[in-house]
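Notes follow the structure.
Being a predicted model, the structure only gives us computed values, none of them experimental.
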Amino acid sequence: MEIISDRVGKKVLLLGNEAITRGALEAGVDVVTTYPGTPSSEIADMFSEIAKHATGKGVDPGFYFEYSTNEKVALEIAAAASFSGLRALTCMKHVGLNVASDAFMTYLYVGCRGGHIIVSADDPSCHSSQNEQDNRYFAFFGNAPMFEPTTPQEAKEMTQTGFEISEKLQLPILLRTTTRLNHIRGPVVLDKLKKPRGKGYFERDPMLVTVPSTARARHPILLKKMREAEKISERSMFNKVFTIGKPGEIGIVTSGVSFNYVIEAVEMLGVDTRILKLGMTHPLPRKMCEQFIKSCEHIVVVEELEPLLENQMKTIAYDIQSDVKIYGKSTGHFSRLYEYTPDIVVNVLSKIFGVKNPLPPVVKTEVKLPSRPPALCPGCPHRATYYAAKKASPPGTIYPTDIGCYTLGKAPPLEMADVLLCMGSNAGTACGFAVATDQKIISFMGDSTFFHAGIPAVIDAVHHNHDCVITVLDNRTTAMTGHQPHPGTEYDGMGRPARVIKVEDVVRGIGVEHVEVVDPKNLMETTKAFRRALEHKGPSVVVSKSPCILLEMQRKKKTGEKTSVYVVDQDKCTKCKTCISRFGCPAFYFAKDGSIHIDESQCTGCGFCTQVCPFDAIKQKDDENIGG
Amino acid sequence: MVHEKTSIVLAGVGGHGVITAANILGKTALKEDMTVYVSEVHGMAQRGGAVICTVRMGKKVSTALLARGTADAIVSTEPIEALRYISYANTHTKIITDVNPTIPFTVSVSGEKYPAVERIFDEIKKHAMLYKIDAMSIAKNAGSVITKNIVLLGALAAADVLPFKPDVLLETVLDNVPPKYRDINRKAFNGGIKAIKSLKTRSLK
């Protein structure tokens with residue numbers, strides 16, 4: 001594996017996320033925890049791969065890794081490792097930090113011992129998220145030192161040095177990344193791998209117990225640490241001024257991936273300027289900023305999402321009584337929405353610098369293109385569950401949904417998603433709709449989501465006897481983020497056998513009286529189960545169990561098991577379109593003459609469609625099999 | 001023709017091997033000691049959805065993202081995905097696409113329309129230089145349809161936009177696959193080169 005190569009000085013092409021993994025290995029990380037979430041997942045997945053690789057060879061990987069139940073648990077486990085003197089890394093997507101925030105806020109009060117990096121992977125433009133919150137606010141909110149890398153190389157360096165700084169300050173470090181760092185590949189130079197510390201030792205310290213008197217004593221200590229952090233920020237190699245050409249009147253302040261677009265734009269525009277590139281963005285190097293402000297008449301702040309740097313620059317300018325003009329979001333030059341691109345930055349800078357935008361006019365096509373959104377895969381068991389639930393439910397039924405592949409059930413023709421807030425919200429909102437309406441309710445969540453944040457709302461439903469059907473789409477994996485294991489799977493993140501926790505056992509233990517366990521591949525039985533669940537007064541849970549089709553196909557490939565595809569019997573097909581217009585399997589298509597066919601290259605042989613077709617017109621293709 | 005910076009857009013559909021192709025370009029540039037950045041799509045963007053990767057390489061490159069109108073080439077595994085990203089093109093941009101459509105499910109389910117392929121090609125020709133090849137058939141002839149991405153890489157290598165020779169790229173392609181698939185991939189790659197060369201000869205006549 002290239003990522004654990006000991007060839008010091010070798011240049012390799014790494015994903016931003018992989019570079020963070022490498023940085024942690026070069027810092028000798030001991031304990032790594034996560035809950036998977038795009039765009040952060042590959043950081044942890046690499047640790048998982050390395051651990052499995054080592055286990056396969058019968059050697060100790062040197063670190064402990066786990067996919068934790070949720071981000072809060074992940075952070076708590078890593079915090080305890082740090083309290084025991086070990087180095088720890090916890091990674092999550094931006095909204096994961098909301099889940100972990102309760103631990104995060106007070107963790108900063110007590111501080112860490114062994115270095116601890118907390119990675120927040122933000123997602124401007126919501127490529128794969130339910131919001132585009134700017135987690136830099138968390139660094140301010142909780143008083144965490146923060147780094148924002150611009151390239152994979154810098155992500156590695158910040159991770160590595162972050163551990164040192166974390167130990168020096170006795171504070172966890174927030175490494176704030178964005179999709180265009182996490183999912184960009186770039187050259188990374190390998191340094192020496194460091195041997196982890198092994199086992200730690202926990203020494204009692206009453207100051208770790210945050211009763212009010214401790215908390216009150218801890219708060220001033222935290223603020224003092226942040227003053228120390230500011231000194232580190234002043235000297236940090238990650239905060240730098242670049243002079244392009246002759247230093248002009250206009251300076252640019254930027255951080256994260258925006259810096260790359262600024263460099264690109266400045267080159268393209270051919271303007272002279274100075275760029276204050278901030279890598280340690282909390283606390284800011286105040287003196288450095290003061291000097292920069294004094295050296296400019298105009299300052300442009302280029303940062304995605306919220307105007308954090310911009311507002312701080314204004315505050316510093318006010319404090320030093322500078323009359324520098326600051327351009328950014330408040331002047332309407334930049335947007336608080338979505339991620340930036342080189343052309344957005346070129347366009348704004350060309351206006352501010354008063355030079356012509358050299359980019360050609362943007363070509364637009366008048367041809368209307370069909371959209372191509374992601375869809376539930378052919379053979380996805382969720383489609384079958386949705387189909388059955390829809391069949392069973394009366395008009396007006398509310399379908400709260402959750403975070404996972406099954407959100408794709410929002411699309412036509414299923415349209416089985418009505419409300420979504422966050423991980424676990426399906427069951428919470430199901431309870432609420434039961435209180436607020438007389439409508440029937442069937443909510444949906446995945447198995448990993450159930451363990452992550454679904455259980456408390458099921459408890460609420462039982463205790464208050466909320467009349468709703470809560471469905472757990474148990475496909476035996478965390479599919480959307482890349483098939484990570486979870487508490488319901490047979491193996492853990494290091495590839496070791498793990499105790500399986502069954503969803504049905506949990507809900508029965510909680511006290512759900514009506515529990516249906518179904519295989520959605522049997523549409524009739526599944527529909528009946530939903531009908532019974534709907535008839536039951538009070539909360540009921542349907543556990544719809546069938547492995548993710550992608551895992552099934554992988555398994556078949558390994559075992560050599562054949563997949564028999566299905567075909568439409570044109571003699572029997574009446575073109576009622578149920579398979580397309582109601583079931584919506586993407587393997588079906590209309591031929592030019594209007595006849596309906598199954599694309600054999602897409603068919604996974606699940607055969608759900610044979611139960612959907614009212615005319616028995618779908619059959620297994622005889623004699624010929626496609627290899628799995 | 002070596003530019004200071006080469007910007008390639010790779011487009012297609014989840015499962016067509018777009019990310020693999022982008023990474024092969026990236027690795028090759030790194031071997032040639034260039035600075036290179038590759039953007040990828042993950043998570044929600046997969047599952048049969050439209051996919052775009054960008055690769056930028058050269059002496060001085062700061063980001064994988066490129067400004068609209070600045071692509072040297074757009075390579076697509078099917079026609080409408082080539083047109084979807086036309087905003088990255090200018091009149092000199094070479095657009096290399098497979099001629100075989102992959103019809104999105106929105107056409108059958110939601111009644112959206114897949115335009116006639118000739119209409120798509122005419123539209124591309126209005127704005128950029130079109131190189132359409134039957135990558136699917138070339139891949140099939142090479143031994144497997146899944147090498148369509150490699151056919152397109154071969155085509156790209158022959159289109160005079162990359163800052164390295166086709167041989168160097170082929171080497172990375174072959175390094176990237178298990179030995180038993182090397183022949184298929186070599187055939188696919190060379191098939192792509194040949195397809196572009198024959199297009200060029202035809203246009204000279």
Side-chain angles (χ1 to χ4, degrees), chain A residues 11-13 15 38-39 41-42 127-129 151-152 180 182-187 257 259-261 263-265 267-268 341-343 346 359-377 405 407-408 411-413 480-482 580-581 584-586 588-590 601, chain B residues 13-14 22-23 26-27 29-30 33-50 55 60-70 80-81 83-84 86-91 102-110 112-115 119-120 122-124 126-128 145:
Chain A
K11 204 188 264 184
V12 294
L13 197 65
L15 206 57
T38 316
S41 308
E42 297 79 10
H127 292 283
S128 26
S129 305
T151 59
R180 299 302 185 174
N182 303 100
H183 289 166
I184 293 274
R185 266 179 210 280
V257 294
F259 169 72
N260 303 329
Y261 312 148
I263 289 287
E264 183 104 1
E267 264 174 34
M268 216 182 270
T341 56
D343 27 339
V346 169
L359 291 172
V362 174
V363 174
K364 281 191 192 124
T365 171
E366 279 150 29
V367 178
K368 191 158 165 29
L369 300 176
S371 58
R372 197 189 296 275
L376 293 173
C377 306
C405 290
T407 314
L408 298 171
M480 181 56 103
T481 48
I580 290 180
S581 311
C585 173
F588 283 86
Y589 67 95
F590 290 112
S601 71
Chain B
V13 179
N23 283 331
K27 280 185 187 168
L30 194 72
D33 218 19
M34 287 172 215
T35 305
V36 58
Y37 290 105
V38 181
S39 78
E40 294 185 4
V41 278
H42 293 243
M44 206 55 163
Q46 293 178 328
R47 308 283 184 265
V55 183
K60 217 179 158 210
V61 179
S62 342
T63 162
L65 300 194
L66 64 156
R68 288 177 293 180
T70 65
I80 55 164
E81 297 311 320
L83 187 52
R84 199 183 297 282
I86 195 78
S87 63
Y88 287 104
N90 57 56
T91 47
T102 302
I103 312 281
F105 74 96
T106 50
V107 169
S108 44
V109 170
S110 319
E112 294 192 38
K113 296 268 179 294
Y114 194 103
R119 172 107 203 273
I120 298 168
D122 287 346
E123 184 70 9
I124 292 173
K126 262 201 260 171
H127 304 293
V145 283

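To the nearest 0.5 Å, the span separating CG on A:Leu376 from CZ on B:Phe105 amounts to 8.5 Å. A:Leu15 contributes atom CG, which lies 5.0 Å from atom CD of B:Glu40 (distance to the nearest 0.5 angstrom). Rounding to the nearest 0.5 Å places OG of B:Ser108 at 11.0 Å from OH of A:Tyr589. One distance of note links OH of B:Tyr114 with CZ of A:Arg372; it measures 6.5 Å at 0.5 Å rounding. Within the model, atoms CD of B:Glu123 and NZ of A:Lys364 stand 13.0 Å from one another, a figure rounded to the nearest 0.5 Å.
Using a 4.5 Å cut-off between heavy atoms, B:Lys113 contacts chain A through its backbone alone, with no side-chain atom that close. Both the backbone and the side chain of A:Val367 come within contact range of chain B, with heavy atoms under 4.5 Å apart. Only the backbone of B:Ile103 comes within contact range of chain A, judged by heavy atoms closer than 4.5 Å. Neither the backbone nor the side chain of B:Thr91 comes within contact range of chain A; no heavy atoms are under 4.5 Å apart. When heavy atoms are compared at a cutoff of 4.5 Å, A:Leu369 approaches chain B by way of both its backbone and its side chain. Residue contact with chain B, scored on non-hydrogen atoms closer than 4.5 Å, is absent for A:Phe259. Using a 4.5 Å cut-off between heavy atoms, B:Thr70 touches chain A through its side chain atoms alone. Residue A:Thr365 touches chain B through both its backbone and its side chain, counting heavy-atom pairs closer than 4.5 Å. Contacts between A:Pro39 and chain B at a heavy-atom distance below 4.5 Å are absent for every atom of the residue.
Taking the charged nitrogens against the carboxylate oxygens, B:Lys60 and A:Glu267 do have a contact shorter than 4.0 Å, which makes a salt bridge.
The shortest side-chain heavy-atom distance between A:Val363 and B:Ser87 does not fall under the 4.5 Å cut-off. Side chains of A:Ile184 and B:Val38 form no contact here, defined as non-hydrogen atoms less than 4.5 Å apart. With contacts defined as side-chain heavy-atom distances shorter than 4.5 Å, the pair B:Tyr37/A:Asn260 does not qualify.
Within the 3.5 Å criterion, the main-chain N or O of B:Ser39 finds no donor-acceptor partner in the side chain of A:Arg180. Listed for the B:Arg84 side chain is a donor-acceptor partner under 3.5 Å among the backbone atoms of A:Pro370.
Of all heavy-atom pairs spanning B:Ser62 and A:Ile263, the tightest one is OG-CG2, 3.3 Å. Taking both residues in full, the closest heavy atoms of B:Val109 and A:Pro413 are given as CG1-CD, 3.4 Å, listed atom of the first, atom of the second, then distance. Residues A:Leu13 and B:Lys27 share a closest heavy-atom pair of CD2-N, 3.5 Å.
Taking B:Ile120, B:Leu66, B:Val107, B:Thr35 one by one and counting their heavy-atom pairs under 4.5 Å with chain A, the maximum is reached by B:Leu66. Between chain B and the residues A:Pro586, A:Ser371, A:Gly584, the largest count of heavy-atom pairs under 4.5 Å involves A:Ser371. Ranking B:Val61, B:Ile124, B:Asn23 against chain A, the residue ahead of the rest is B:Asn23, based on heavy-atom pairs under 4.5 Å. Chosen from B:Thr106, B:Leu65, B:Val36, B:Thr102, the residue pairing most often with chain A at heavy-atom distances under 4.5 Å is B:Leu65.
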With side-chain contact (heavy atoms from CB on, under 4.5 Å) as the test, would you mind laying out the steps for B:Asp33 and A:Lys11 before giving the verdict? CA-CA 9 Å; B:Asp33 218 19; A:Lys11 204 188 264 184; 4.2 Å; yes
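Counting heavy atoms of neighbouring residues, nucleotides and ligands inside a 6.0 Å radius, atom NZ of B:Lys126 exceeds 12 of them.
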